[in-house]
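Accompanying notes for the structure given below.
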2 protein chains.
Amino acid sequence: MKPADTIAALRIETPPATLREMALERMRRAIISGLFEPGGRLVERTLCDHLGVSRSVIREVIRHLEAEGLVEMIAKQGPIVARLEWDDARQIYEIRAALEATAVADCARVATKDVKAQLREALDELDRTSRQNSPLGILDATTSFYQIIFRTGGHTIAWDIVSRLNSRISRLRVMTLSSANRMTSGPAQIREIFAGIECNDPEAAAKACRAHVAAAAMIAETILGEKASSVHPASV
Amino acid sequence: MKPADTIAALRIETPPATLREMALERMRRAIISGLFEPGGRLVERTLCDHLGVSRSVIREVIRHLEAEGLVEMIAKQGPIVARLEWDDARQIYEIRAALEATAVADCARVATKDVKAQLREALDELDRTSRQNSPLGILDATTSFYQIIFRTGGHTIAWDIVSRLNSRISRLRVMTLSSANRMTSGPAQIREIFAGIECNDPEAAAKACRAHVAAAAMIAETILGEKASSVHPASV
DNA sequence: TGCGGTCTTATGGTATACCAACATACAGAA
DNA sequence: TTCTGTATGTTGGTATACCATAAGACCGCA
């Protein structure tokens with residue numbers, strides 16, 4: 001009897017894919033990919049036509065995206081695609097640095113051969129996409145690299161948070177990653193994180209991780225072309 | 001001409017308070033306060049009767065709460081109040097430790113006389129409610145203490161995240177805080193954080209903050225009466 | 001008595017109808 | 001020409017209607 005042939009494996013878990021879930025997924029992707037301009041209005045009836053669903057569905061999806069921070073409601077006018085201020089982006093990078101560094105350190109503590117192999121695989125994928133200079137490929141590869149790290153440490157909630165934050169800076173990330181790639185420093189920095197994990201050195205891995213995020217933040221700042229003229233001298 | 005008599009002050013900002021927003025607020029409070037049992041079903045039509053609004057409103061509110069993690073959808077059955085596993089709580093305390101320590105350190109770096117005065121006020125309120133042994137009062141006081149800290153450092157997004165996380169462990173928090181109060185260690189720990197901020201010592205403040213969260217997590221674990229028999233030996 | 005089939009009902013998923021408010025365009029008067 | 005009042009249309013807010021399905025009750029048959 002194969003392991004999968006257990007009684008439990010018989011259970012039918014229908015992912016019944018309600019209209020709402022599909023619409024949510026598509027809307028999210030549309031916003032993240034930049035199909036809808038930041039600040040652009042999301043006219044409900046228009047979206048109904050585009051997606052082929054009723055307003056109920058659209059409105060519930062918008063509520064969800066609103067709670068995720070991808071959509072803002074402006075009173076008496078309706079939903080718009082959330083704009084990204086540099087100050088928000090700065091904070092997001094800062095939070096990511098904290099959460100990712102923690103996850104990386106934990107991962108380095110407990111990483112087994114198996115985990116390291118998975119990470120290596122993700123790195124190879126990253127190299128491949130880097131050589132092809134495929135921004136979206138790089139982003140996916142980076143994402144799965146980190147996902148393995150968070151999963152290994154059991155940081156499911158932190159992963160949720162990071163994913164959500166990342167979706168808010170997705171456009172920035174694409175530019176950041178390809179820019180980092182052009183300078184060939186991006187993959188190198190991630191390799192450094194991996195090096196720390198490989199020899200189970202939490203401090204080194206965490207340090208590399210912080211450096212990586214900080215570098216990304218700096219590139220992002222340059223791209224946004226804004227000064228971090230924040231009144232709040234929070235640490236970077 | 002008084003300062004408030006400017007042209008700008010004429011602007012009418014209607015907080016138009018849509019039904020949805022009010023319903024959202026009430027539902028959230030109802031869940032947080034434990035009026036709805038964790039795991040309990042949230043039957044839409046029943047909620048309509050209770051709140052006196054239509055299903056559209058209820059459903060959109062539920063979408064929002066779902067994205068916040070307070071409500072879970074179970075397929076073909078509808079929404080239930082999210083249950084809290086100890087593993088989730090553990091992760092939440094861990095994330096809080098990271099974010100709050102960062103915020104506290106930043107606050108200690110830049111805290112002015114004014115900020116310190118505000119914090120002292122919050123502390124006094126905490127003392128007052130502690131003596132009265134009023135769990136909800138303690139919780140509110142603690143919340144405003146931290147809110148001042150996050151606001152001072154400009155960590156608006158981190159504050160959002162922490163608030164959201166806290167609402168997921170609200171029941172636990174009430175018990176934790178009053179328990180900590182009974183042992184009289186809670187207020188003392190918070191005072192320690194304040195001490196670090198008062199003499200602008202980021203490291204000391206952050207350390208006290210981590211200690212405070214860790215203590216809360218330990219109490220929470222005892223209360224939940226479960227072993228952290230996690231497969232993932234993540235740091236505590 | 002136990003099993004299977006069927007009917008009922010409760011419930012969520014989806015669509016649509018109605019309304020109030022805001023914005024725009026336009027017409028008329030000073 | 002410019003300003004103001006009005007009409008109209010677009011849009012979000014809210015309520016309701018309809019449908020499919022799943023869970024439970026009930027009944028009849030072996």
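Quick note on labels: first sequence line is chain A, next is B, and so on, each numbered from 1.
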Discussion item. Tell me whether the rings of B/His155 and B/Phe150 are parallel (<30°), tilted (30 to 60°) or perpendicular (>60°).
Written reply: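 B/His155 vs B/Phe150 ring planes: perpendicular.
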How many Å lie between [atom1] on [X] and [atom2] on [N], as a whole number?
X       : N      : atom1 : atom2 : answer
A/Glu44 : C/dA21 : CD    : P     : 18 Å
A/Leu19 : D/dC18 : CG    : P     : 20 Å
A/Ile80 : D/dT11 : CD1   : C1'   : 15 Å
B/Leu47 : C/dT11 : CG    : P     : 11 Å
B/Met73 : D/dA22 : CE    : P     : 15 Å

Discussion item. Within the supplied structure, the quantity of interest is the number of heavy atoms (other residues, nucleotides, ligands) at a distance under 6.0 Å from B/Met218 CE; does it exceed 12?
Written reply: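 Atom CE in B/Met218 is not packed in, count stays at 12 or less.
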Worksheet item: Has A/Glu25 got more than 12 heavy atoms of other residues, nucleotides or ligands less than 6.0 Å from its CD?
Response: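 Enclosed.
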Worksheet item: Side chains of B/Tyr146 and B/Asn166: closer than 4.5 Å at any heavy-atom pair?
Response: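 They are not in side-chain contact.
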Discussion item. Looking at B/Ser54, I'd like to know whether one of its side-chain N or O atoms comes within less than 4.0 Å of OP1 or OP2 on D/dT14.
Written reply: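 The answer is no; no side-chain N or O of B/Ser54 sits under 4.0 Å from OP1 or OP2.
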Worksheet entry | Nucleic acid contacts - residues 55-65 of chain B versus DNA chain C, non-hydrogen atoms under 4.0 Å |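 Contacts with DNA chain C under 4.0 Å: B/Arg55, B/Arg59, B/Arg63.
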Worksheet item: So B/Ser144 and B/Gln147, side-chain hydrogen bond (donor to acceptor under 3.5 Å, both in side chains) or not? Walk me through it.
Response: CA-CA 5 Å; B/Ser144 45; B/Gln147 188 174 15; over 6 Å; no
Practice prompt. Measure from the side-chain heavy atoms of A/Arg20 and tell me the nearest of D/dT11, C/dG13, D/dT14.
Written response: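 For the A/Arg20 side chain, the nearest candidate turns out to be C/dG13.
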Practice prompt. Return the 5'-most residue of the pair B/Val43, A/Arg45 with respect to DNA chain C, ranking by each residue's nearest nucleotide.
Written response: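 Its nearest nucleotide lies further toward 5', so the answer is B/Val43.
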Discussion item. Return whichever of B/Leu42 or A/Gln77 has its heavy-atom-nearest nucleotide of DNA chain C closer to the 5' end.
Written reply: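 Its nearest nucleotide being more 5', the pick is B/Leu42.
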Fill in: Basic-acidic side-chain contact under 4.0 Å: B/Glu60, B/Arg63
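No.
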